[in-house]
Q: 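Structure in C-alpha cells, see below.
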Amino acid sequence: MKKTTSRLSSLLLVMTVALGSLFLTTSCSDDGLLKSIPSDVDMAASINFTRLSDELGIEIGESTISGPADMKVEFQSIPSETRNLICGLNGAIDASCVMAFGNFSINAPEESFYLLARVTDSDKLDQLLSKETDLKKQTIDGFDVYPDNNTFILTTDDCLWILPQQPTAEAAVRNVKSVRERAKKESIAKLDYVAKRLSNEKVINMVMNLDPMVDFISNNAYAFLDTQQAMMAAAILPMIKGNWLDLNFDLDDNTFALQASAFSPKTGDTVLPPDGFDMSGIDDDLLEYLPANTMMAYAAGLTGKTVQQLCSGLAVFTAGNPVLAPFMKTLSKLDGTIAIGFGSDAPGSFLTNFNTKGATMFAAMQFTDGGAEEFKSQIVSLLSATGSAKATEAGAMTRIEMGGNSFNLITQGNNLFLTTSPTLEAKSNTFAKDMDGYHAAFELLIPNMGELTSDRCHMQLKAMFTYKEGVSTFSVSFDKLQGSLLSELYKAVQGLNQSVKSKYPQMSEPTHADNDDLLYPVPADSMAVDELLDMIDKD
C-alpha cells in the first residue's frame, strides 16, 4: 500500500536512517563525501548510524527488524509499512556515514542545509522511493528528483541528497549543483585538521566555524549590551575568531558521552584559555571530606591570577557597596580548589519531593594570605548582624545556628570549610576519585531511578561534566541494569512520563484553541506510528 509522501521526510529520512544497517562498515571516513562538501560551510557533521544501532543491539534484515531479547514485543509491534521502509534502506544507503552540512543563512534558508549519503544500491533505492511511496520521480539536468512537499530527494553519481525548504525541484537541483561547484574549487577534505575530526569513529562528529557567530555578535549584539558587557565581549571575541568548534557524541559500554573543544583549523591544536584565565588541577585531597552520601558535587581549580582577573571585573558592580565590596576583596585571595557537595540518605525523595531529611551539605575554598580566616569572620559578622543567627566559637570551628538549621565553618590553614557535619574527617565517597586530574568537574549520582520512574526502572544513573586543557566532556552512564540498555531507557521514559502526569495532571490535558477545538489531537499511548503520521499528513 502506498503511503503519503510526508512519511518519507518525517519518518524514513530521520528515524529510519538512524537505525542504519549492521552489515556496513563502522568507519565514517568516506573521503568522496567529504570532497562533495565545500570548505566554506559554517558547519558539517558526520553521523554513524550503524555504530549507534550496533551499540543499541538493533539488527536489520531484508524484511525483519529485531532488537534486544527483552524488547521483542516492542519490535514486533512496528507497523509493517514502517518496517518495509526501514528494511528497504538497509541495502540502499550506507548508514555508516551520513553527512549533514550547511551555512547559517537567514536570508536564503533554501540554501542553508543539506543531507548527503552514499547510495550502495541505486536500483533498490529507486524502487523504494518510487514503489513503496507515492513520490513521483522527475529527471532534471541528470538528477533524479523526488519531491516531497517542500523537501526534495535527489540522486546523482551514487550520492543521495536531501534538501528541505526548497521552493521548486529546479531550485533544489540548482542548489546542489552550486554546492558541487564550490566543492570542486576547494572541499572540506582539503582542510586536513577539520576533515580528520569529521572522520573519527564516534557516533556523531560535528565541526562548526566560529567566525560567523563572532561576526553576528560583533555586528548585532552590541546594541543590546551595556558598556561593561560590551567591553567584555570585545575582549573575548577576538580570542575566538579564526577557530572551529569540535563536538562529538559517542555511546560505549552503557555510557553516552558528548565532548566539546575549540581547535585551530591550521594546526589542529586545541585552543586553550588565554593567559589570566587558565585553571589549576583540582586538589583531590580536599574532596576526601565530602559526605559519604554525596549525590551532587562540583569542584574547580582556580589560579590566583584567574581569580584576580574575575574579581577586578566584578568589582565594578560592587564598588561602594559596604557589604559586598569587602567580600569581593577577600574573594580575590582565592587560590586553588573550590568545591561544593550535597548529599542525601534518600536521593529519590529529595529529587521527587524535595525532602531534605537526612541531607548533608559541604563547601570548601582554598585561599592565600590569610583569606580563609578573613572570609569566615566576614560571614559570621554578616549573619550575626541580621539577628537571626547565633555563632558559637570552638577553636578553629564556628557553629552557626539559624532557626532549626545549623552548619559549621572550619578553617584548616588556608582552607575554609562549610559543612553540616560536626567534625572534619575523610569520608568514603567516589567523587574525589572521579574528579582527580581535572580542572573542573561536576557529578550527579542517582543510585536508584525507581522513585523517578514510578518503579518501572531501577538502574543507577551517573551524569558527569569534566573540563581539562580546553576539552569539555559531558557523560551519562547507566549501571545496575535489569535488562538491555535500550529496554531500560524505554521503561525509564515511560516511567518519567507517568510520574510527570501523576504530579502535574494539568500538563497531560489537551491544549484548546480559542474556538475550543483541539489544535492537535492527543494520541493514546497505544496509537500506531502510522495513525499519528496520518494525522500529521492531514494537518
Side-chain angles (χ1 to χ4, degrees), residues 18 28 43-49 51-52 54-56 100 197-198 200-210 213 236 240 243-263 269-273 277-282 284 287 290 294-302 306 337-343 347 350-351 429-449 452-453 457 459-481 485-486 488-489 492-493 496:
C28 196
M43 65 78 62
S46 61
I47 312 165
N48 191 336
F49 291 118
R51 177 176 168 82
L52 178 62
D54 192 6
E55 291 291 342
L56 293 176
R197 291 176 185 257
L198 283 172
N200 67 40
E201 295 183 359
K202 305 294 185 181
V203 173
I204 300 176
N205 310 283
M206 188 182 87
V207 293
M208 183 174 72
N209 187 350
L210 293 174
M213 180 188 71
I236 295 176
I240 300 175
N243 297 313
W244 286 59
L245 177 67
D246 176 30
L247 287 170
N248 62 71
F249 167 81
D250 204 15
L251 170 61
D252 185 35
D253 195 23
N254 297 338
T255 298
F256 294 89
L258 176 67
Q259 194 171 77
S261 62
F263 70 98
D269 295 334
T270 299
V271 178
L272 299 176
F277 289 91
D278 53 329
M279 302 181 72
S280 62
I282 295 173
D284 55 309
L287 306 182
L290 281 163
T294 295
M295 58 178 290
M296 287 186 286
Y298 170 79
L302 303 175
T306 298
T337 297
I338 60 172
I340 186 169
F342 178 86
F350 170 76
L351 292 171
N429 67 78
T430 63
F431 293 93
K433 172 177 65 66
D434 290 341
M435 294 182 183
D436 183 26
Y438 295 111
H439 295 143
F442 169 81
E443 194 165 295
L444 166 66
L445 177 67
I446 303 177
N448 190 319
M449 293 279 289
L452 296 175
T453 61
C457 172
M459 63 183 173
Q460 174 180 289
L461 179 148
K462 182 168 73 172
M464 188 173 184
F465 168 82
T466 61
Y467 171 82
K468 183 178 181 180
E469 296 178 353
V471 179
S472 299
T473 303
F474 176 75
S475 64
V476 180
S477 59
F478 303 93
D479 200 2
K480 302 180 181 179
L481 303 179
L485 176 60
L486 191 60
E488 292 294 283
L489 290 174
V493 171
L496 288 170

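From a predicted model like this one, the values you see are computed outputs, not experimental measurements. Note that these values count all heavy atoms, side chains included, but never hydrogens, waters or copies made by symmetry. Residue numbers start at 1 and run along the sequence shown.
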Q: So which heavy atom on W244 is nearest to which on N209, and how close?
A: CE3-N, 3.5 Å

Q: Rounded at 0.5 Å granularity, tell me how far CG in L258 sits from CZ in F465.
A: 10.0 Å

Q: For A440 versus Y298, what's the shortest heavy-atom pair and its separation?
A: CB-OH, 4.4 Å

Q: Between T473 and Q259, is there a donor-acceptor pair closer than 3.5 Å when you use the side chain of the first and the backbone of the second?
A: no

Q: Are V207 and L198 side-chain neighbours, meaning at least one heavy-atom pair lies under 4.5 Å?
A: yes

Q: Distance from S475 atom OG to D252 atom CG, nearest 0.5 Å?
A: 12.0 Å

Q: Please examine the side chains of M208 and L210, heavy atoms only from C-beta on, and report whether any two atoms are closer than 4.5 Å.
A: yes

Q: Taking T453 for its side chain and M449 for its backbone only, find out whether a donor-acceptor pair lies under 3.5 Å.
A: yes

Q: Of the non-hydrogen atoms in F431 and L445, which two are nearest, and what is the gap between them?
A: CZ-CB, 4.3 Å

Q: What heavy-atom pair brings M279 and G301 nearest, and what distance separates the two atoms?
A: CB-O, 3.1 Å

Q: What closest approach, in Å, do M435 and A299 show between heavy atoms, and which atom pair accounts for it?
A: SD-CB, 3.8 Å

Q: Taking the side chain as every heavy atom from C-beta outward, state whether R197 and S46 have any pair of such atoms under 4.5 Å apart.
A: no

Q: Could you walk me through whether F342 and M295 pass side chain to side chain contact (heavy atoms under 4.5 Å, CB included), step by step?
A: CA-CA 6 Å; F342 178 86; M295 58 178 290; 4.2 Å; yes

Q: Could you give the distance from CD1 (I282) to CG (L302), rounded to the nearest 0.5 Å?
A: 9.5 Å

Q: Is any side-chain heavy atom of F478 closer than 4.5 Å to a side-chain heavy atom of L489?
A: yes

Q: To the nearest 0.5 Å, tell me how far F474 CZ sits from T466 OG1.
A: 10.5 Å

Q: Could you please spell out the steps behind the side chain to side chain contact (heavy atoms under 4.5 Å, CB included) verdict for L56 and L251?
A: CA-CA 9 Å; L56 293 176; L251 170 61; 3.7 Å; yes

Q: How long is the straight-line distance from CG of L452 back to CG of L461, given to the nearest 0.5 Å?
A: 9.0 Å

Q: Tell me, with the steps shown, if D250 and R51 meet side chain to side chain contact (heavy atoms under 4.5 Å, CB included).
A: CA-CA 9 Å; D250 204 15; R51 177 176 168 82; 2.9 Å; yes

Q: Are M296 and E443 close enough, and set up right, to give a side chain to side chain contact (heavy atoms under 4.5 Å, CB included), and what steps lead you there?
A: CA-CA 6 Å; M296 287 186 286; E443 194 165 295; over 6 Å; no

Q: Can you name the nearest heavy-atom pair linking M459 to L481, along with the distance?
A: SD-CD2, 3.6 Å

Q: So, the side chain of T255 versus the backbone of V476: is there a donor-acceptor pair under 3.5 Å, distance only?
A: no

Q: I'd like to check L272 versus D278 (side-chain heavy atoms, cut-off strictly below 4.5 Å). Are they in contact?
A: no

Q: With rounding to the nearest 0.5 Å, note down the distance linking CG in D253 to CG in L485.
A: 10.0 Å

Q: Are there more than 12 heavy atoms of other residues, nucleotides or ligands under 6.0 Å from atom OH of Y438?
A: no

Q: Does the plane of the ring in Y467 sit parallel, tilted or perpendicular to the ring in H439? Use 30° and 60° as the thresholds.
A: tilted

